[in-house]
Amino acid sequence: MATRKKVLLKVIILGDSGVGKTSLMNQYVNKKFSNQYKATIGADFLTKEVIVDDRIVTMQIWDTAGQERFQSLGVAFYRGADCCVLVFDVTAPNTFKSLDSWRDEFLIQASPREPENFPFVLLGNKVDLEPRAISSKRAQQWCQSKNGIPYFETSAKEALNVEQAFQSIARNALTQQNQTVDLYNEFPDQIKLTNTTNRNSNGDSCAC
Amino acid sequence: MDYELPSEFDLIVVGTGMIESIVAAAASRIGKRVLHIDSNNYYGGLWASFNLDSISNILNSASNIETNLEVKQFLTENEKIYQFGNDAFHMHTHSQIWHIPEKANEQTETEQSDLPTECIQKEEESWTQEKLLKNSRKFNIDIAPKLHFARGDFVELLISSNIARYSEFRSVSRVLTWLNGQLEVVPCSRSDVFSSTKVSVIEKRMLMKLLTSCVDGDEKEFVGYENKTFRTYLKDRKLTDNLIHYVLYAIAMATDTTPCLEGVENTKRFLSSLGRFGKTPFLYSMYGSGEITQAFCRLSAVFGGVYALSQPLNGLIFNNENKFKSLLCGQQRISAEHLVMGIEKLPKEFVNFTATQFISRAVFVIDRSIMASEKENLTLLLFPPEDGKNPCTMIEVGPLTGTCPKDTYIVHMFTKQTTNPEEDFKHCVERLFGNSKNESETGEKENLLPNVLWSFYYTVPNTVNLDLKNGIPKNIFVCPGPDLDLDYDPAIAQAKAIFNEIYPDLEFLPRAPDPEEIIIEGEDNNNIVTEGENLTDQPIDEATEAVADLQIETSNDHGEGSSGIEQGEAE
């Protein structure tokens, strides 16, 4: 859509607690890594402008804010996602086993229009750590079985492959949005109480 | 993925209703350790939204949580335990009825319904239960629907606390009333008044003058009306019957007996929210009112609140001085200084009050709007009182709100209960919907009334005015359920009162820093929170300014409005 002024992509990151979701986001957006995050203030969402195929898009990456720990992410979290990033820890086999349930949960809660074509990206994080429990081959097989999900092995700590992974995430999210112009326009004229540009573009705001 | 909950908190909040969620967010926001826990597997409690499949599961669901666990083993000497839940404060279902056949090519079954089968649409594209249920997840059916005044307490709180970033809204596009046997658009903004063909030029002038004096609030204007009704005041101002109807029943949402000053206050509330976001003073939450509780919970989680749904809540443990000590979750004791809980979770032993007022509610899935037009509308309908019936508030939402599939609408109704929901809404249902009429009577005229596909009638006790402290241990705070207010004003006031009691002198939901303001540094920086906090003031001003840009029609404009009308008159 040529007329679309600004592209905002909503990306959500899912996976078991402790696999490095917050660290990956923080490494990608802020180029920072911390071994311990203060519990007083959690990660919310981070925003980064990226260029995909000569287009500037704003990627909004949403963290689970810890609500995944007791399977208590509400449906509101999933609304309007353009891409879902699944993360596991290559040294923790349980986090790999959970991937199926995270993917299912996403498809149920977000209920995208075409579930079989919705873009997921899989990240195997903590490749800097030993011993490794999940081989690259095993992860790739899982991706193959799910309609060819792109797979990246990352280390948030060493900033390994993080940039590349998120570039791919942005590309996939954008493709998704382009293909579902329909879906994108499903709810026009929404009002954000925070975002002024959004509101100004809202035709309803004119009372004349 | 089995984690264990920490066993000590500052505050435990049981139930994820609106008031509970606001308190949880406010406590986490000031750094308290909060556990927000619910036995339900969904957010929102009595304030939630459901899809079509799941709404049937909550019907008549008892709030009592039964356990086979021998709970005594978890107590120390002199302690006692009470089970969660009571029968007094839950919603009560009267009926949930399908008005369409289960499958295509099947004779209509209206077992529980007394409606004639001929009333069902005969077109090929007609709805079936199967077809609607296939779209189940496209439904977000509120059990406590709310609209938000554009300048009301709720919208201001969302903006000032920065929780607004978690939610999206649509503006209500028209306010309707029932007048002289049909639906009429209430002229509520200056432009509406101008363009209305139902209001004469003289009436326009009278109306603008009245609205201006209500907003300006000149005290002299209402001297002598302290003990009179708003209706008397409007009569004395020589308003025509039509205008009295619009102002009294729609703009002021009042009745014939509403005191004058209350009517004036209501009018102000309505007018002061005009011109901020749309043609009417109201907003509706995208995907339903149930999203709102989740926005507060999200903020709480971001500030460290621990969230756990679907938990086996086995009881509340008290010491011999009747002080709340711990919660028994599964086999784990979790302690906290204070406990906040939704009224429906209250142990029977503490039910020392009974609801004397009830709210009649109904939800209808229909196949077209109650008043069709080219564009999809989001409608507030204020049905005036008549023949001993209370005024009914109705909200019609369409697919653009993300609460129902294409080619359907949802109508919510609520009113102060007189007898039961079916009786209380009978006169509205008969006039608005087509099912009860014979198809041949209405014929194929353009104003075909919508058919009801599914209906749900229920009662909720109105607990907002109960003395919820009576006999309750000092460190427990009980949150009432949904009330009759159109917006969340009473809920916010309750939440704030509870917060102030637990944490006096601490700020209630100060502005949360934007994500970009939180710079998560490496180990060398231990001062993450402070950094965000320092930025508190300036961005708020920016936000306010930005909002000011949108104030197309402020209350002062009404003054200009009158002069505009004078010009019009000169023509």
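All values derive from a computational prediction rather than experimental measurement. Chain A is the first sequence line, chain B the second, and so forth, proteins listed ahead of strands; every chain is numbered from 1.
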Turns out that what part of B:Leu5 lies under 4.5 Å from chain A's heavy atoms comes down to both

Okay, B:Asn162 and chain A: the region with an atom under 4.5 Å from a heavy atom over there is side chain

Rounded to the nearest 0.5 angstrom, the CG-OG1 distance for B:Asp514 and A:Thr47 is 9.0 Å

Exactly one candidate in A:Arg79, A:Gln190, A:Lys192 meets side chain to side chain contact (heavy atoms under 4.5 Å, CB included) with B:Met286; the answer is A:Gln190

Please assess B:Phe277 against A:Leu193 for the test side chain to side chain contact (heavy atoms under 4.5 Å, CB included), listing each intermediate value before the final yes or no.
CA-CA 9 Å; B:Phe277 295 117; A:Leu193 304 182; 3.6 Å; yes

Taken to the nearest 0.5 Å, the spacing of A:Ser72 OG from B:Gln311 CD works out to 6.5 Å

Under 4.5 Å to a heavy atom of chain B? For A:Val29 that would be neither

Assert top hit (heavy-atom pairs under 4.5 Å, partner chain A, pool B:Tyr287, B:Tyr166, B:Tyr307) equals B:Tyr287

> Taking atom NZ of A:Lys31 as the centre, does the number of heavy atoms from other residues, nucleotides or ligands within less than 6.0 Å exceed 12?
Replying inline: yes

Of the listed B:Arg137, B:Glu291, B:Arg298, the one with the largest count of heavy-atom pairs under 4.5 Å with chain A is B:Arg298

Around atom NZ of A:Lys48, are there more than 12 heavy atoms from other residues, nucleotides or ligands closer than 6.0 Å? yes

Run B:Leu309 and A:Phe70 through side chain to side chain contact (heavy atoms under 4.5 Å, CB included) and show every step you take.
CA-CA 7 Å; B:Leu309 299 180; A:Phe70 300 99; over 6 Å; no

Residues B:Gln294 and A:Ala76: closest non-hydrogen pair is OE1-N, 2.8 Å

Honestly, the part of B:Asn140 sitting under 4.5 Å from a heavy atom of chain A is side chain

Applying a strict 4.5 Å limit to non-hydrogen atoms, the region of A:Thr64 in contact with chain B is backbone

Next on the checklist: Could you go through B:Cys297 and A:Gln67, starting from their C-alpha distance and side-chain angles, then the distance that decides it, and tell me whether this counts as side chain to side chain contact (heavy atoms under 4.5 Å, CB included)?
Outcome noted: CA-CA 9 Å; B:Cys297 293; A:Gln67 284 176 302; 4.1 Å; yes

**OP:** Under the side chain to side chain contact (heavy atoms under 4.5 Å, CB included) rule, what do B:Arg165 and A:Asp44 come out as? Steps first, then yes or no, please.
**Re:** CA-CA 11 Å; B:Arg165 64 185 181 227; A:Asp44 195 352; 2.9 Å; yes

When the 4.5 angstrom heavy-atom criterion is applied to A:Ile108 and chain B, the contacting part is both

Under 4.5 Å to a heavy atom of chain A? For B:Ser195 that would be neither

Rounded to the nearest 0.5 angstrom, the CD1-CZ distance for A:Ile191 and B:Arg170 is 8.0 Å

